[in-house]
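Here is the structure we will look at, set down as structure tokens.
Remember, it's a predicted structure, so these values are computed and weren't measured experimentally. In what follows, every chain begins at residue 1, and chains take the letters A, B, ... in the order their sequences are listed.
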Amino acid sequence: MLPINRNLLKLDAEAQTAEEAIRIAGELLLTEGKIESSYIDAMVRAYKEVGPYIVIAPMIAVPHARPEHGVKEKCVSIVRLKSPVLFGHPENDPVTIVCAIGGTDDVGHIEVLQSLSTVLGDEAKFEKLLRTESLEEFMTIVM
Amino acid sequence: MRVVTVCGMGFGTSLMLLMDVQAIGRKHGLHIEGEATDLGSAKGKPCDFMVASSEIAHELKDVNVDVIPIMNLLNKKEIEEKILPVMVRIAKEKGEI
């Protein structure tokens with residue numbers, strides 16, 4: 001089960017660039033006290049340095065950095081973008097769902113990754129996540 | 001046999017891939033040891049094969065083991081179809097099956 005609450009979800013966020021999208025997802029974690037602000041910069045830097053591989057599947061980006069970049073507790077936020085954004089991935093672009101992930105050690109966030117992979121890998125659930133107008137329903141699906 | 005899964009930081013997608021590879025191994029009775037690592041450390045790690053997202057796999061051209069590129073990390077079917085034949089071949093070569 002994902003360690004999520006409604007404040008860690010955002011529907012139809014407006015971003016023009018990959019960096020803006022990553023920052024929106026990061027701000028949710030920051031506001032909920034899950035990370036230091038340095039972690040947001042680290043996620044953006046990681047994206048710029050090691051590239052668009054964080055687009056793990058069609059439409060889905062999972063920005064993250066490392067525990068030492070400022071994670072207080074293992075966490076995830078999920079943002080659905082109003083308009084898809086290009087991250088520079090040759091096959092999986094453009095991105096609509098952005099899930100920022102943080103872990104406090106090398107393994108603690110495995111459950112988060114597994115839960116996320118289960119939810120987003122389920123085509124029926126993923127379709128609903130793309131379409132629902134309701135944050136409540138969105139949360140029910142991801143939990 | 002031993003797998004090294006690789007991503008930019010050895011922390012996100014490489015862990016997802018390691019879990020998937022080990023699950024596929026269990027399903028088919030193959031024991032897979034392994035570790036998830038970052039791109040910078042991957043090249044020196046002894047292993048029988050590597051798995052990485054396609055974008056990262058491009059960067060691993062000069063390693064001397066199979067590098068299996070995965071395009072959609074949530075597509076278990078793609079992962080199994082690409083990885084299982086390599087695992088079976090290696091298991092045979094090593095006399096594990």
Let me confirm one number: the [atom1]-[atom2] distance from [X] to [Y], rounded to the nearest 0.5 Å.
X	Y	atom1	atom2	result
B/Asn72	A/Ile56	CG	CD1	8.0 Å
A/His69	B/Met9	NE2	CE	7.5 Å
B/Leu74	A/Met59	CG	CE	12.5 Å
B/Leu17	A/Ser117	CG	OG	10.0 Å

[X], [atom1] atom: more than 12 neighbouring heavy atoms under 6.0 Å:
X	atom1	result
A/Glu68	CD	yes
A/Gln16	CD	no
A/Lys128	NZ	no
B/Glu93	CD	yes

Quick one: what part of A/Ile60 sits under 4.5 Å from any heavy atom of chain B, side chain, backbone, both or neither?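 For A/Ile60, the contact with chain B is made by the side chain alone.
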
Apply side-chain contact (heavy atoms from CB on, under 4.5 Å) to residues B/Glu55 and A/Val50 and explain how you reach the verdict. CA-CA 9 Å; B/Glu55 286 294 281; A/Val50 288; over 6 Å; no

Expected output: side-chain A/Asn92 to main-chain B/Met71 donor-acceptor under 3.5 Å: yes

Using atom types as modelled and distance alone, determine if a side-chain donor or acceptor of A/Tyr53 lies under 3.5 Å from a backbone N or O of B/Cys7.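 No; zero donor-acceptor contacts below 3.5 Å.
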
Parallel, tilted or perpendicular: which describes the rings of A/His64 and B/Phe11, with under 30° parallel and over 60° perpendicular?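 Tilted, since the angle between the ring planes falls between 30° and 60°.
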
Would you mind telling me which of A/His109, A/Glu123, A/Glu49 has the largest number of heavy-atom pairs within less than 4.5 Å of chain B?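 The answer is A/His109.
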
Quick one: which of A/Thr118, A/Ile110, A/Ile54, A/Ile101 has the most heavy-atom pairs under 4.5 Å with chain B, could you say? A/Ile110

Cluster question for you: counting only ILVMFWY and a side-chain heavy-atom cut-off of under 4.5 Å, with indirect links fine, are A/Leu86 and A/Val95 together?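 Different clusters: A/Leu86 never reaches A/Val95 through Ile, Leu, Val, Met, Phe, Trp or Tyr contacts under 4.5 Å.
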
In terms of hydrophobic clustering (I, L, V, M, F, W, Y; side-chain heavy atoms under 4.5 Å; direct or indirect links), are B/Ile83 and B/Ile97 co-clustered? yes

In terms of heavy-atom pairs under 4.5 Å, which option from B/Asp20, B/Ile56, B/Leu18 contacts chain A the most?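 The residue among B/Asp20, B/Ile56, B/Leu18 with the greatest pair count is B/Ile56.
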
Side chain proximity check, B/Met19 to A/Leu113, heavy atoms < 4.5 angstrom: yes

Could you walk me through whether A/Val62 and B/Thr13 pass the side-chain contact (heavy atoms from CB on, under 4.5 Å) check? CA-CA 9 Å; A/Val62 183; B/Thr13 52; 5.8 Å; no

